[in-house]
Structures are given as structure tokens and as C-alpha cells.
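Working notes, structure below.
Because the structure is predicted, anything quoted here is derived from the model rather than measured. Whatever order the structure lists them in is the order used to number ligands and atoms, beginning at 1.
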Amino acid sequence: MMSSYTVYIDSYIKDALEVINSNSKGAVAVVENDGKLIQLLTDGDIRRLLLEGYTLDTSLTDINFNQKSITAEIGTDAHSAKILLDEQEIDHLVYVNQDNCVVEIKHRRDLDPILLSSPHMGKDEIRFIEEAFNTNWIAPLGPNVNEFEKQVCEITGVKHAVAVSSGTAAIHLALLNLDVEQGDYVLCSSLTFVASCNPILYQKAIPVFVDSEPNTWNMCPKALSKALKHLQELDIKPKAIIVVNLYGQSSDMDSLIEISEKFNVPIIEDAAESLGARYKGKYSGTFGKLGVYSFNGNKIITTSGGGMLVSDSREMIEKSLYRATQARESAPYYHHTEIGYNYRMSNVLAGIGRGQLNVLEERVKRRREIYSRYVNGLSSIPALEFMPELEGYYSNRWLTAAVLNPTKTDKTITELLDYLAKQNIEARHVWKPMHTQPLFKDSIYITAAEHSISDYLFENGICLPSGSNLTDTAQDRVIQEIKRFFE
Ligand SMILES: *Cc1c(COP(=O)(O)O)cnc(C)c1O
């Protein structure tokens, strides 16, 4: 019997090699029959033994193990482990329990940081950037911007688009399109990133936060209905509803649109996280009166920073283009009648965007694969409940998100996050709901049920490393560490 890290002392050199071959660590721990460590053998050590005349059939008992292997106690954090490797000028660390029994071998690379979601370039981006340089289209506007907008329209099926400097800018422009002004009310999902609702404050308007539903984690149609009725009773006609598609998953758009039409309040779809996702076959971001994408560094595709406002309304997109370029009137001199903004995307960055669009579908596939690998790899931990995907939904799985069901475990999400951080693995809490933020402490918050779903998701939720450039090996490390945490 052998584990993937150990070989018993009564085995042969060939057995040791076999373990090294299968564990891809480049080393194996020779152990007593009770699992206690005798010595670490690297593939280099074995090569030396063979050169000295030992053979594959030499019993390990015939070898003189006289070196002391460097060990660490199981649970040692990645930072301390790395210091130990550097001090000793070695690449392998044997992790042992209190009885000096071998639990794991880590290679130096197993201690490298694993990021939540980092930029992942394809092969075309650099070509479009070079084109911009060669033609000196460095300043805002230019062929890359136009082409980037056109291609987003082609892919998603929306009619018009304007590329801007950030998703936040796009949301701001969306609110301006719907005439949101000081004192106006705007409904917004509570469980989201603050960028969804900061632009409400730019306009000195008043946010009303709406709870999530457990099925999609997104805006609960019942809660939205309740919120709109509540405002109606107060004789308030809100100007907009910002519906957020969290972690790449569409909201229940059919139900939400029906309610928005009933109360005659337009929807802005914050699809910053959900480019490439579908709902009933149609692209996320194309359901609202206006839709917003983000190309921030950690999103499914990136321009390093950027965003896009999309709509089937030509008028709204033309007006947004005007506002995003300092509201400059067409006159032979600089002539202005309205407040403008400097929100346009640069032609260099749009070049990155064009290249990224070529790999969008690949990126969605890979993120979905990562999600499935987590679900399968962690199926032995029933307390970990992954964000569902209902029939008719096709998430881009921007981030794999899950909740730790508190009725099924004593461990908390904070403990898990602390543990992973110690292993140099970047995981995150689910967004902290906006109604719990000091910034919005006086805002109205509406839930459908007595208890708040968004609070539950925040208190128990986790986002796991999900970048499309995450290797299987790195993901397996995350899975293994999570399993170890629960052991
Ligand atoms: C990232 C994000 C935004 C903002 O996009 P930026 O391009 O970073 O300004 C808005 N809403 C949500 C839900 C996001 O995740």
C-alpha cells in the first residue's frame, strides 16, 4: 500500500519512482510501516543512487538513509513554508502530523499565490494594439473603438453600443438617459458591488434596495413587486430599476420585466459580470431598456479597464455618446448647453477588447468547466452548496460561488477564508449587501420573506478562484485545501 506521497521502507526503488511519477511532486517520502517519516527522496536522489550502482530492484532497506529531511507541521502557512524552503535552499517540504507521520509533500510551486480572477489575454490583443500604434490612433476614438462596439452588438444581438472608460461610467450614463435627478428614486439589487449604485448617489438620487431570491441569488421578483407597491402607496414614481446579474448569472428576467412593465419603470441591466451568459437563449445584458458591461481587470474579459452601455434605442446611445464626450455640440467652435463627461474608451484599450471578444466563448466554457470541477471535487462536503443554475439559464460562471450551509456544519465562511488565505489562495466573501453598508445606512430595503436572503448569502457565501487561466493543478490545490479544512 502506498499513498500518493509515501512509500514504505520494505518497498523497492522502482516503487518509489512510481509514486514520484504519479504525484507530479518530483519526490516521495520513505516511511516506516506506521507512516513515520524516514527520509524524503527526490527524483534527483534516485538518479544518484542508480549512478552509484543501485538498481530499480534494490530494496529501500538496503539504502543508508542518513539525511534529515526538512519538515513542517501540517497547517503551516504558505508564507512560513516558503521562508523555510529559501533558508534551506531546497524545493520540497514534507508536511507531518504530531506523530511525525507524513501527510503531504509540497513543491515550492505549490506555495505560489492562486488569484481569484486575473486577466487572461488571447493571441490577437497585441496585434490590435500594434495597429493602433502604427496608425497613431492612440487618442480616444478610432477604428478599434468602433469595431469593438460593433462586435459586441453582433455577439449579443443588441442594436447599439457605446464604449466607455468603465462599467460604472456606463451605469451613470444609463441613469442620465432615464432622467434620474436629485431626489428621484431608483431601485437596485442589494447584493452587488457598490459600483451598481454609486452612480445613483452621483445624481443625488435615492436608492431603494431589493433583496435576492435563493434560486438565482439575483433580484427577487416578489420583493421588487413589494417595493414598487410600497413606493406607489407613498405616491412615489421611481425612475429606474437596476437589476444586477451576479457572478455571471442572469436574473429571472421574464418575471422582472413583467413587473417593471406593470409599474412602468424601466430596467437597467447591470451585466458587468455576465457578458456571454444567456437567459432563455438570449444574451445577458440585452433585456433591459439599457444594459451595462464591464471590462475591468478581473471580469470575464478585460480591456484593463473599461465598460460599455448597450441598448436597442439609437437615441439613447447617441445621447450617451454625446454626454461621454463632454457634451460637445456640433459647431465649428466648442459649444456646450449641457453637463458633459469624459467617459469615452481609448482606442488602444478597445484594441485589447477586440482581441478579447475573439476568445469570449472560450473563456465562458473554461469558467463553466472550473465550476464543474469544483462541484465534483468538493461533492464530499454537502454543507458547501453551490450557486444553482436553473433550466433556461446559461451562466458564464464568472466566479464560482457557494454558501456554507450553517445547519450542516459548525465551521464558518470566515474560518474557511482565513485558512485559504494562509495557503496563499485568494478567495473572497460574497458581496456585502448594500443595505448593510454605512454609505447607505438610511436607505429603504425590501425583502419578500421575513428573513433577508442577501444577508444569508453574504454571511455564508464564498467566491473561489475562477480565472479562465487557472490551471487544473492549481485548482486541485484549492480543492484539496478546502477538503483538508473540513477534515
Ligand atoms: C465590476 C462591476 C461594476 C463596475 O464596473 P467597472 O468597470 O469596474 O466600473 C458594476 N457592477 C457590478 C455588479 C460589477 O461587478
Give yes if a backbone or side-chain nitrogen or oxygen of [X] is under 3.5 Å from a nitrogen or oxygen of ligand 1, and no if not.
X	answer
Gly167	yes
Glu273	yes
Trp398	no
Ser294	yes

Give the residue, atom name and distance (to 0.1 Å) of the protein heavy atom nearest [atom].
atom	answer
atom 2 (C) of ligand 1	Lys299 NZ, 2.7 Å
atom 4 (C) of ligand 1	Ala195 CB, 3.5 Å
atom 11 (N) of ligand 1	Asp270 OD2, 2.8 Å
atom 8 (O) of ligand 1	Asn296 ND2, 3.4 Å

Could you tell me how the ring of [X] sits relative to the ring of [Y]: parallel (under 30°), tilted (30 to 60°) or perpendicular (over 60°)?
X	Y	answer
Phe295	Tyr293	tilted
His429	Phe458	tilted
Tyr202	His172	perpendicular
Phe485	Tyr419	tilted

Gly307 near ligand 1 by a heavy-atom separation under 4.0 Å
no
Measure the distances from the heavy atoms of Ala169 to every atom of ligand 1 and state whether one is below 4.0 angstrom.
no
Short list, please: which atoms of ligand 1 are under 4.0 Å from a heavy atom of [X]?
X	result
Thr192	13 (C)
Val244	13 (C)
Ala272	2 (C), 3 (C), 10 (C), 11 (N), 12 (C), 14 (C)

Is any side-chain N of the basic residue among Lys222 and Asp211 closer than 4.0 Å to the acidic one's carboxylate O?
no
Lys/Arg N to Asp/Glu carboxylate O, Glu369 vs Arg366, below 4.0 Å:
yes
Ring centres under 6.0 angstrom apart (Tyr374, Phe386):
no
Which atom of Asn296 lies closest to which atom of Ser294, heavy atoms considered:
N-OG, 3.1 Å
Could you please spell out the steps behind the salt bridge (charged side-chain N to carboxylate O under 4.0 Å, His left out) verdict for Glu361 and Arg278?
CA-CA 12 Å; Glu361 200 50 39; Arg278 274 83 108 180; 3.3 Å; yes
Location of contacts on Ser166 toward ligand 1, heavy atoms closer than 4.0 Å:
both
At under 4.0 Å between heavy atoms, which part of Thr168 makes contact with ligand 1: side chain, backbone, both or neither?
both
